[in-house]
Structure formats: structure tokens, C-alpha cells
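In what follows, a structure is listed as C-alpha cells, so that the remarks can point back to it.
Fair warning: this is a prediction, and the values are worked out from it, not measured in the lab. We use all heavy atoms of the structure for the numbers below, so side chains are in, but hydrogens, waters and symmetry mates are not.
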Protein chains: 2
Amino acid sequence: MATLADLIEGYLKRLLAVSPRRYIDIQRRELAAKFNCVPSQINYVLDTRFSLERGYLVESKRGGRGYIRIYRPSPLKIDDWGKIFASLDDGDFDPRVAADFLNRVYEEKFISRREAKLMESLLRDEHYLSLVEPEIIRRLQGKLFEAVLKVILKD
Amino acid sequence: MATLADLIEGYLKRLLAVSPRRYIDIQRRELAAKFNCVPSQINYVLDTRFSLERGYLVESKRGGRGYIRIYRPSPLKIDDWGKIFASLDDGDFDPRVAADFLNRVYEEKFISRREAKLMESLLRDEHYLSLVEPEIIRRLQGKLFEAVLKVILKD
DNA sequence: AAATCTTTGACCTTTACTGACCTTATTATA
DNA sequence: TATAATAAGGTCAGTAAAGGTCAAAGATTT
């Protein structure tokens, strides 16, 4: 395993973990040089590993003194639970949002890593695809996600 | 007589026996080259010899630096192991049998109480009833139960 | 002969990585 | 003070490197 992208991801996450602030600033060219790759490789890592879906926020500035700033996922608010539960009932349950939420719940130590993985596996379309219509999949995922969340909350 | 599939099976099991970890990683193309066969022959071996029913677990990643990971057979001492897993994919998955199974697994301390509850909640028909046909429910439950069980087995 | 098991190959999907070309901001200079 | 040079970062399409699927052909067993 361990692709270049994985190495860069790990490096950035370590930086984030150690940073006294809620973000880190990096230079794209410098980082690319450090890992002996083209600069756009850094964008690939940011797109695939530090996406909004995964709870990260990335902003940047071009030109001289340019930089890339990566924010760590922000702490869960009570409001976030509310939003998730609201989306469970109306039709627009989004598994990616749910996965993002799960990740945060895990990072805040509400659930174990294994529980997070268990719950996340319910959000993958592949299990449903051959058996139910696409529009039904979201509703089912919502129902099941609700069921397991309730188990956690009751505990 | 030893078929090619048998040889590959034996080779992989020897690797597993010797591995210091709970799994081995292989490259499909490399292995196929070693045994002078097409890559899909490897999938055949994995499907027929390293199935869940036989206690094995296989996961993989595509793309550059992809791999196939084979986990050692589960140490769970449950006699109807094979039957449970056989029933996961074809239509006759029985949630009650699965619930018993879960209980055993819990008693053997493979999973926590909360994990058991999480998994058990997937076995309840109520979540599915309004959305899918009765015959489909069993199949879905089977698929999802398989998915979460795999998470446990990998851990 | 029929059934079952093995092997193959054509075609598909996913993931990683690169490079050419583009946009934006700062800095130096005419 | 315009403006040119420089110094960032962004985009996107293309390529390569894996592994997956499925049906058909071939071999073996019953």
C-alpha cells in the first residue's frame, strides 16, 4: 500500500494534529518538492482526502505570497445532530453528509472506530443496488441510519 | 489431482500461515504471472477457496498501487458458520438465526454489547416494510448483515 | 452424456499521477 | 504610476496501473 497520495495525506494530518491553530498553511510548490512530485499532485490529495465531505475545509490564495490553508474539521454542534435527524425524515438523506457526520462523531469519541465503520457500511450503495430502485435506496439508508443512531443515543 | 487453482490455494495458505499479521497482501497481476495464468484465475481461486463460508475474508483496492488483502480464517468456533454465510447471498437468510449467531458472537466477546445492538437493529423488518417487497427484505438484511460482519472480521 | 469444476479473455471500473495551459497576486522597474 | 516580470496556485484532460465481471470454452467427474 502507501501510495504517494497516502504519504502526503498522512504528513498533512500530522501537521494538523500538532498545529496550535485550527488550520495549517502550506506552500504547494514546496510540498510538491518535498515529495518529489508535480504540484497538481497536491491538489489531487486535497480533492480526494481533504474534501468537504470528509469534514475538511481548504482555502487558498494565488500569486506571490500565495498559500493553501487547511482547516481541521470543526467540532460537532447540537445543531448538527438536529440537521441530520431532520434529513432522515424528509426525502433528501445524503449518505455523504451522513458519513461526514459519522466521522465527526467518531473524532469526538462518541463512538468507536469500529462502530463508525459498521455504521458507515450501511451508507454504501453497493449493498442495495441490485435489490431496490435508486430512489428507494436513500430512504432505506435514512431509515437504517436512524435506527443505528438511536441505538447509540439510547446507550 | 492438483489443479492450478489448488496450487494457488496452497501457496496463499502457506503465505497466510507464515505471515506475522492477520492478513496477507498480494498483487493480482504478479501472482498470475508467477503461476502463468490470466489474472481472473486469481479471482476464481479467491471466490471458490477463500469465501466467507470457509471463514476467509478478502478485500481489495483498484487503481495504481492496488492490492488484494486476504485475512486469516475467523477464529470463531461456531458450527453453523458456513450455513449462515451461505444464506447471506441467496434468498433464505433468516434474521432469527442471525440474531442467535450474534448472541454467540457477543458471548464469545468478539463484539461489544452496543455493537450487537447496532447489528441487531438491521434485522428488524419494521425499517424495511414500507419501502420494499417482503421477499426483498430478507435479501437486503442478508447483504447488510454480511457487510457489517465483514467490518468485525477485519478488525 | 450430463453435470460440475477450471481456465481463459474481452471488456469495465477505479485510483493515482503528470503536464500543458490558465488565473491571480505581488513586486520590480521604466 | 503604469506596466512588465515573477511567483504563486487552479484546472482538466490524458495516461498508466491496478483490480472486477461475466460468459464461453475446455477439462474432469459422475
Side-chain angles (χ1 to χ4, degrees), chain A residues 1-12 23-54 56-71 95-96 99 123-127 129-131 134, chain B residues 1-12 23-54 56-71 86 89-90 143 146-147 150 154:
Chain A
M1 235 201 344
T3 64
L4 180 55
D6 291 333
L7 295 181
I8 299 173
E9 175 190 7
Y11 174 73
L12 291 175
Y23 58 84
I24 54 171
D25 287 337
I26 58 165
Q27 304 287 122
R28 191 179 76 150
R29 301 215 327 149
E30 205 178 75
L31 190 57
K34 184 186 178 85
F35 284 94
N36 281 311
C37 62
V38 293
S40 55
Q41 173 77 347
I42 305 302
N43 296 88
Y44 176 71
V45 173
L46 294 174
D47 289 347
T48 57
R49 320 295 220 263
F50 294 87
S51 63
L52 263 185
E53 298 145 32
R54 297 194 180 200
Y56 291 89
L57 182 62
V58 175
E59 63 184 19
S60 62
K61 205 180 118 192
R62 301 186 181 187
R65 310 253 176 129
Y67 60 87
I68 295 176
R69 177 167 295 175
I70 307 171
Y71 288 86
R96 291 184 310 180
L123 301 175
R124 284 207 285 275
D125 289 357
E126 27 165 331
H127 308 313
L129 274 175
S130 60
L131 295 171
Chain B
M1 199 187 87
T3 65
L4 179 55
D6 292 332
L7 294 181
I8 298 174
E9 175 189 7
Y11 173 73
L12 291 175
Y23 56 83
I24 54 172
D25 286 337
I26 58 166
Q27 304 286 123
R28 191 179 76 149
R29 297 202 345 137
E30 207 179 72
L31 190 58
K34 185 186 178 85
F35 284 94
N36 282 311
C37 62
V38 293
S40 54
Q41 173 78 345
I42 305 302
N43 295 87
Y44 176 71
V45 173
L46 294 174
D47 290 347
T48 57
R49 322 296 221 260
F50 294 87
S51 64
L52 263 186
E53 291 167 65
R54 298 190 179 205
Y56 291 90
L57 180 63
V58 175
E59 68 180 11
S60 62
K61 202 177 134 201
R62 300 187 183 186
R65 310 262 176 132
Y67 60 87
I68 295 176
R69 177 167 296 174
I70 307 171
Y71 288 81
D89 282 324
D90 51 29
K143 281 257 191 208
E146 177 177 0
K150 280 182 176 174
K154 276 184 221 168

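C:dC5 atom C1' lies 13 Å from atom CD of B:Glu9, rounded to whole Å. B:Arg29 places its CZ atom 10 Å from the C1' atom of D:dA16, with the value rounded to the nearest Å. Taking atom CG on A:Leu46 and atom C1' on D:dA8, their separation rounds to 15 Å, with Å as the unit. Counting to the nearest Å, the P atom of D:dA18 and the CD1 atom of B:Ile26 are 13 Å from each other. A:Leu4 has its CG atom 12 Å from the C1' atom of C:dT18, to the nearest Å. Atoms CD1 (B:Ile42) and P (C:dT6) sit 14 Å apart, rounded to a whole Å. Separating the CG atom of A:Asp25 from the P atom of D:dG9 is a distance of 11 Å, rounded to the nearest angstrom. Straight-line distance from the CD atom of B:Gln27 to the C1' atom of C:dA16: 14 Å, rounded to whole Å.
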Check the pair B:Asp25 / B:Tyr67 against side-chain contact (heavy atoms from CB on, under 4.5 Å), numbers first and verdict last.
CA-CA 6 Å; B:Asp25 286 337; B:Tyr67 60 87; 4.1 Å; yes
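To the nearest 0.5 Å, atom CG of residue A:Asp6 and atom CG of residue A:Leu4 are 9.0 Å apart.
Counting non-hydrogen atoms of other residues, nucleotides and ligands closer than 6.0 Å to NZ of B:Lys154 gives a total above 12.
The minimum heavy-atom distance between A:Arg65 and A:Lys61, with the atom names listed, is O-NZ, 4.4 Å. Of all heavy-atom pairs between B:Val45 and B:Ala5, the closest is CG2-CA, 3.8 Å.
Taking the side chain as every heavy atom from C-beta outward, B:Leu7 and B:Tyr11 never approach each other to under 4.5 Å.
Put simply, A:Arg65 has a side-chain N or O that comes within less than 4.0 Å of OP1 or OP2 on C:dT27. Distances shorter than 4.0 Å separate none of the side-chain N or O atoms of B:Thr48 from OP1 or OP2 on C:dC5. One finds no side-chain N or O of A:Lys61 lying less than 4.0 angstrom from the OP1 or OP2 phosphate oxygen of D:dA7. Neither OP1 nor OP2 of C:dT15 sits under 4.0 Å from any side-chain N or O of A:Arg49. Here B:Tyr44 does not reach the OP1 or OP2 of C:dT7: none of its side-chain N or O atoms lies under 4.0 Å away. At D:dG19, none of the side-chain N or O atoms of B:Arg69 fall inside 4.0 Å of OP1 or OP2 (strictly under the cut-off).
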The contact string for nucleotides 21-30 of chain D, one letter per nucleotide 5' to 3', using protein heavy atoms under 4.0 Å with B, S and - for base, sugar-phosphate only and none, comes out as BB--------
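Using a 4.0 Å cut-off between charged nitrogen and carboxylate oxygen, B:Lys150 and B:Glu146 count as a salt-bridge pair.
Every residue meeting the salt bridge (charged side-chain N to carboxylate O under 4.0 Å, His left out) condition with A:Glu9, not counting sequence neighbours, appears here in chain and number order: A:Lys13, A:Arg49.
Within the 4.0 angstrom heavy-atom criterion, only backbone atoms of the sugar-phosphate kind lie near B:Gly66; the bases stay farther away.
Under the 3.5 Å distance criterion, the side-chain polar atoms of B:Ser40 are left unmatched by any main-chain donor or acceptor of B:Asn43.
Using a 3.5 Å distance cut-off with no hydrogens or angles, the side chains of A:Tyr71 and A:Glu59 do pair a donor with an acceptor.
Taking for each of B:Val38 and B:Asp6 the nucleotide of DNA chain C with the nearest heavy atom, the 5'-most of the two is the partner of B:Asp6.
Base pairing in DNA chain D yields stems of at least 3 consecutive Watson-Crick or G-U pairs, both distances under 3.5 Å, namely C:1-30 with D:1-30.
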